[in-house]
Amino acid sequence: MPGLAAPLIAWYRDAARDLPWRREGFGAWGTLVSEFMLQQTPVTRVIPHLEAWLARWPSPTDLAASPPGDAVTQWANLGYPRRALWLHRAAVEIRDRHDGVVPRDVDALLALTGIGDYTARAVAVFAYGDRHPVVDTNTRRVLARAVEGRAQPGPPHRRDLERMDAELPDGIAEAAVVNAAAMELGAIVCTARSPKCAVCPLADLCAWRAAGYPESEDRRRRQATYEGSDRQARGAVLKTLRDAAPSPVPLFAVLPDWPDAAQRDRAIDSLVSDGLAEAIDDVLRLPGHPAS
DNA sequence: TAAGCGTGGAT
DNA sequence: TATCCAAGCTT
């Protein structure tokens, strides 16, 4: 490898955004919460919700002591509300299995609900300073372009971890910076739509640029239309429950004017099935404390 | 392995 | 306006 590390480190020193989770002493819990929120939600939308969340629940034990429905309400409109449920479950698991301390070991992190290859290593590296490859969608795009000469990365693969690991310097601190810098470059320079190659620190060694920016035959399937979808119905039902919380909502009052009643009922059933709602007698509510 | 899962801003 | 895209995860 020609080595992405040196130019990435130099660039990051000047170009890195000032983000809350990069502040000194932000803490492993804050890092974990931020990573949950950042799973598919843009940075600018996450920041205010993150600060409110940590003010309300400064530790995993604090969150674990609240009913999961409170987490869903606090999650507000961040999207993918099952993440709120998973974050709550992870907090309970941290309390019960790790004495309330966010684990440092990658395998222990992977065993927590809602944590996968990316989030586990992000916590281990950015919160605890360990040396692992951290690969998110930004990093995969940077590697695809700079190293492979392709416009877009293929689907996520475990091999991505090894390929990123090969780019990391030996030094632990330097490796962490390269991880962060690759993500940051993908987020603000090597972007999916209009990459800013004129200001890219990797331009001189970029295989995609050298090859003349070939298009990639993208067999990505199109994102399903949201308008009129079951997902939209689920979102609308859940918003009704959040807005009413902590009060339950009579079933007859859940989206009474929804254009497709069968779809609405399907949405309610699936939310209950997912644990995002509870149907008791003839009312619907967010999940409360487990019975045990 | 692929599908399903929210929401809002940018183009 | 419609589509794309966003620090992924689970089943």
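Order of the sequence lines sets the chain letters (A, B, ...), proteins ahead of strands, with each chain counted from 1.
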Q | Sugar-phosphate only, base, or nothing, as touched by Tyr226(A) at under 4.0 Å among non-hydrogen atoms | A | base
Q: Mind checking Arg141(A) for me? I need base, sugar-phosphate or nothing, with any heavy atom below 4.0 Å counting as a touch.
A: sugar-phosphate
Q: Would you mind reading off the distance between Glu227(A) atom CD and dT7(B) atom C1', rounded to a whole angstrom?
A: 12 Å
Q. On a whole-Å scale, what distance lies between the P atoms belonging to dA3(B) and dC4(C)?
A. 16 Å
Q) Run the side chain to side chain contact (heavy atoms under 4.5 Å, CB included) check on Arg22(A) and Asp18(A) step by step: do they pass? A) CA-CA 7 Å; Arg22(A) 291 179 181 161; Asp18(A) 178 25; 5.7 Å; no
**Q.** Spacing between Arg82(A) atom CZ and dG4(B) atom P, to the nearest angstrom
**A.** 12 Å
Q. Hey, is the side chain of Gln40(A) poking within less than 4.0 Å of OP1 or OP2 on dA6(C), counting only N and O atoms?
A. no
Q | Proximal nucleotide (of dT10(C), dG8(C), dC5(C)) relative to the Trp86(A) side chain | A | dT10(C)
Q: Check whether more than 12 heavy atoms from other residues, nucleotides or ligands sit under 6.0 Å from atom CG of Asp99(A), and answer yes or no.
A: no
Q. Does dT7(B) have OP1 or OP2 sitting under 4.0 Å from an N or O in the side chain of Tyr80(A)?
A. no
Q.
Applying side-chain hydrogen bond (donor to acceptor under 3.5 Å, both in side chains) to Thr139(A) and Asp136(A), what does each step give before you reach the verdict?
A. CA-CA 5 Å; Thr139(A) 296; Asp136(A) 74 337; 3.1 Å; yes
Q: Sticking with atom P, work out how far dA7(C) lies from dA2(B), rounded to a whole angstrom.
A: 23 Å
(Q) Within the 4.0 Å heavy-atom criterion, would you say Leu78(A) contacts the bases, only the backbone, or no part of the nucleic acid? (A) base
Q) With the threshold set at 4.0 Å, does a side-chain nitrogen-carboxylate oxygen contact exist between Arg131(A) and Asp165(A)? A) yes
Q.
Applying side-chain hydrogen bond (donor to acceptor under 3.5 Å, both in side chains) to Tyr118(A) and Glu35(A), what does each step give before you reach the verdict?
A. CA-CA 9 Å; Tyr118(A) 165 74; Glu35(A) 295 299 349; 2.7 Å; yes
(Q) Say we look at dC9(C) and dG8(B): how far apart would their P atoms be, to the nearest angstrom? (A) 23 Å
Pairs under 3.5 angstrom, nitrogen or oxygen only, protein versus nucleotides 1-3 of chain B, please.
{"residue": "dA3(B)", "atom": "OP2", "partner": "Arg221(A)", "partner atom": "NE", "Å": "2.7"}

Q: For dT7(B), take OP1 and OP2 only and decide whether either is under 4.0 Å from a side-chain N or O of Arg242(A).
A: yes
Q) Rounding to a whole Å, what distance do you find between Arg231(A):CZ and dC5(B):P? A) 6 Å
Q) Counting any heavy atom closer than 4.0 Å, what does Thr139(A) reach on the DNA or RNA strands: base, sugar-phosphate only, or nothing? A) nothing
Q.
Suppose you measure atom C1' in dA6(C) against the same atom in dC5(B); what distance do you get, rounded to whole Å?
A. 14 Å
Q) How would you label the contact of Trp21(A) with the nucleic acid (heavy atoms, under 4.0 Å): base, sugar-phosphate, or nothing? A) base
Q. Among dA6(C), dA7(C), dC5(B), which nucleotide sits nearest the side chain of Asp136(A)?
A. dA7(C)
Q.
Rounded to the nearest 0.5 Å, what separates atom OG1 in Thr191(A) from atom CG in Leu185(A)?
A. 9.5 Å
Q: For Ala122(A), report the nucleic acid contact type (base, sugar-phosphate, nothing); a contact means any heavy atom under 4.0 Å.
A: nothing
Q: Could you tell me whether Leu19(A) contacts a base, only the sugar-phosphate backbone, or nothing, with contacts defined as non-hydrogen atoms closer than 4.0 Å?
A: base
Q. Over how many whole Å does the gap from Leu271(A) atom CG to dG4(B) atom P extend?
A. 16 Å
(Q) I'd like to know if the side chain of Arg145(A) and the backbone of Trp208(A) have a donor-acceptor N/O pair within less than 3.5 Å. (A) no
Q.
Is there a side-chain hydrogen bond (donor to acceptor under 3.5 Å, both in side chains) between Gln263(A) and Trp258(A)? Walk through the geometry before answering.
A. CA-CA 9 Å; Gln263(A) 181 186 58; Trp258(A) 194 255; 2.9 Å; yes
Q: Provide, to the nearest angstrom, the distance between the NE2 atom belonging to His49(A) and the P atom belonging to dG6(B).
A: 16 Å
Output a table of nitrogen or oxygen pairs between the protein and nucleotides 8-11 of chain B separated by less than 3.5 Å.
{"residue": "dG8(B)", "atom": "OP1", "partner": "Asn77(A)", "partner atom": "ND2", "Å": "2.9"}

(Q) Under 4.0 Å, counting only non-hydrogen atoms across every strand here, what does Asp117(A) touch: a base, just sugar-phosphate, or nothing? (A) sugar-phosphate
Q: Dump the intermediate steps for side chain to side chain contact (heavy atoms under 4.5 Å, CB included) on Phe26(A) and Leu54(A), then the final yes or no.
A: CA-CA 11 Å; Phe26(A) 189 68; Leu54(A) 293 175; 3.6 Å; yes
Q. Roughly, in whole Å, what's the span from CZ in Arg121(A) to P in dG8(C)?
A. 15 Å
**Q.** Distance, rounded to the nearest Å, where Tyr118(A) contributes OH and dT10(C) contributes P
**A.** 15 Å
**Q.** Residue Arg234(A), side-chain heavy atoms: nucleotide from dA7(C), dT3(C), dC5(B) that is nearest
**A.** dC5(B)
**Q.** CA sep, side-chain torsions, deciding dist, call: Arg56(A), Ser66(A), side-chain hydrogen bond (donor to acceptor under 3.5 Å, both in side chains)
**A.** CA-CA 10 Å; Arg56(A) 179 171 180 180; Ser66(A) 291; 5.2 Å; no
(Q) Walk me through whether Val92(A) and Thr113(A) qualify under side chain to side chain contact (heavy atoms under 4.5 Å, CB included). (A) CA-CA 10 Å; Val92(A) 171; Thr113(A) 301; over 6 Å; no
Q. Between atom CZ in Phe36(A) and atom P in dT7(B), what is the gap in whole Å?
A. 18 Å
